[in-house]
Amino acid sequence: MRPRDLKLPDERHPEKAHRPDNAQPKKPKWIRVRAPGGAGYQDTHKVIREHGLATVCEEAGCPNVGECWAHGHATMMIMGEICTRGCTFCNVATGKPQALDVFEPGRVADAVQKLGLNHVVITSVDRDDLEDGGAEHFAQTIRAVRHRAPETTIEVLTPDFLKCPASALETVVAAKPDVFNHNLETVPGLYPEVRPGARYFHSLRLLQRVKEIDPAMFTKSGIMVGLGEERQAVLQVMDDLRAADVDFLTIGQYLQPTPKHHAVAEFVTPEDFAAYEKAAYGKGFLMVSATPLTRSSYHAGDDFARLRAAREARLAGV
Ligand code: SF4
């Protein structure tokens, strides 16, 4: 069988074949990544395969996979590899998902222990077919990791639970992840074309509710730039996130996975990323990561340690 990443776009995404083709522009010189390979990468690959797990690193075609996996850092993607939404930036397949695997939380926990992770990021596809959006499965996975690897800090990157009862979010928060992350992904004006199944103010409110339920829980969100957004709109997103009391903001360059995905409107320069980072700190975020290769889970473990230190310093009035 050909490896997943060697499949042609129409083979990988037959459900996206009706979309128009968007040419994929050449990447600028500041977007250079380490090629996957080496002993560390192979070890991570082996653990993931042996435990029958999916990762967003592979499913999203993340450019950082060579670097992250060399250090054993993989972001677990639970509840299958098929998403019920069809966001135009996302490389994950859209369709009818399979039934939940009740043994998956245990396998995630085993893999976390085997990889010796200090910090794990757990995400999922959207499961609009489930009444609770998969909230209980998230909670079970958090509890399984806590049991098997009590020293590991846990970050969840969840769907928006758009059509779920309020108890869905409460279920995830009650399982006490260390960081609750939900990405806004883009500015509100681009939602209809980039994230058509989602609602900007619902996602914002979700993050705000996490802080209301558990004020001690760190909250985090991220957007991609280069999708055609105006700078002013990005600054407004920062204000909205601060109004929702979000602690940590990530901003990274959108990269187009295939011609069937949203076109790259521009490659934002490293200088403009630095300006976004400065503006975000000025608006009061505890932590900001804004570089072309920033992804929600990129260096998430190191960032978590810095996030904790930043909160302690703020509380101490330093
Ligand atoms: S940045 Fe996140 S998704 Fe990308 S390879 Fe690293 S851990 Fe995986």
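Atoms within each ligand, like the ligands themselves, are counted from 1 in listed order.
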Provide the number and element of each atom of ligand 1 under 4.0 Å from a heavy atom of Cys57.
3 (S), 5 (S), 7 (S), 8 (Fe)

Between Arg205 and Glu212, does any NZ, NE, NH1 or NH2 come within less than 4.0 Å of an OD or OE carboxylate oxygen?
yes

If you look at every heavy atom in Thr94 and Ile82, which pair is closest and at what distance?
C-CG2, 3.9 Å

Is the distance from atom 4 (Fe) of ligand 1 to some N, O or S atom of Cys62 under 2.8 Å?
yes

Counting non-hydrogen protein atoms only, what is the nearest one to atom 6 (Fe) of ligand 1? Give residue, atom name and distance.
Cys68 SG, 2.3 Å

Lys/Arg-Asp/Glu bridge criterion (N-O < 4.0 Å) met for Arg195, Asp126
no

the protein heavy atom lying closest to atom 2 (Fe) of ligand 1 turns out to be Ser297 OG, 2.1 Å

Heavy-atom nearest option to atom 7 (S) of ligand 1, drawn from Thr123, Val65, Thr75, Val56
Thr75

Is any side-chain N of the basic residue among Asp128 and Arg85 closer than 4.0 Å to the acidic one's carboxylate O?
yes

Residues Lys220 and Asp247 bridged, charged N to O under 4.0 Å
no

Enumerate the atoms of ligand 1 whose separation from the nearest heavy atom of Asn64 is less than 4.0 angstrom.
1 (S), 5 (S)

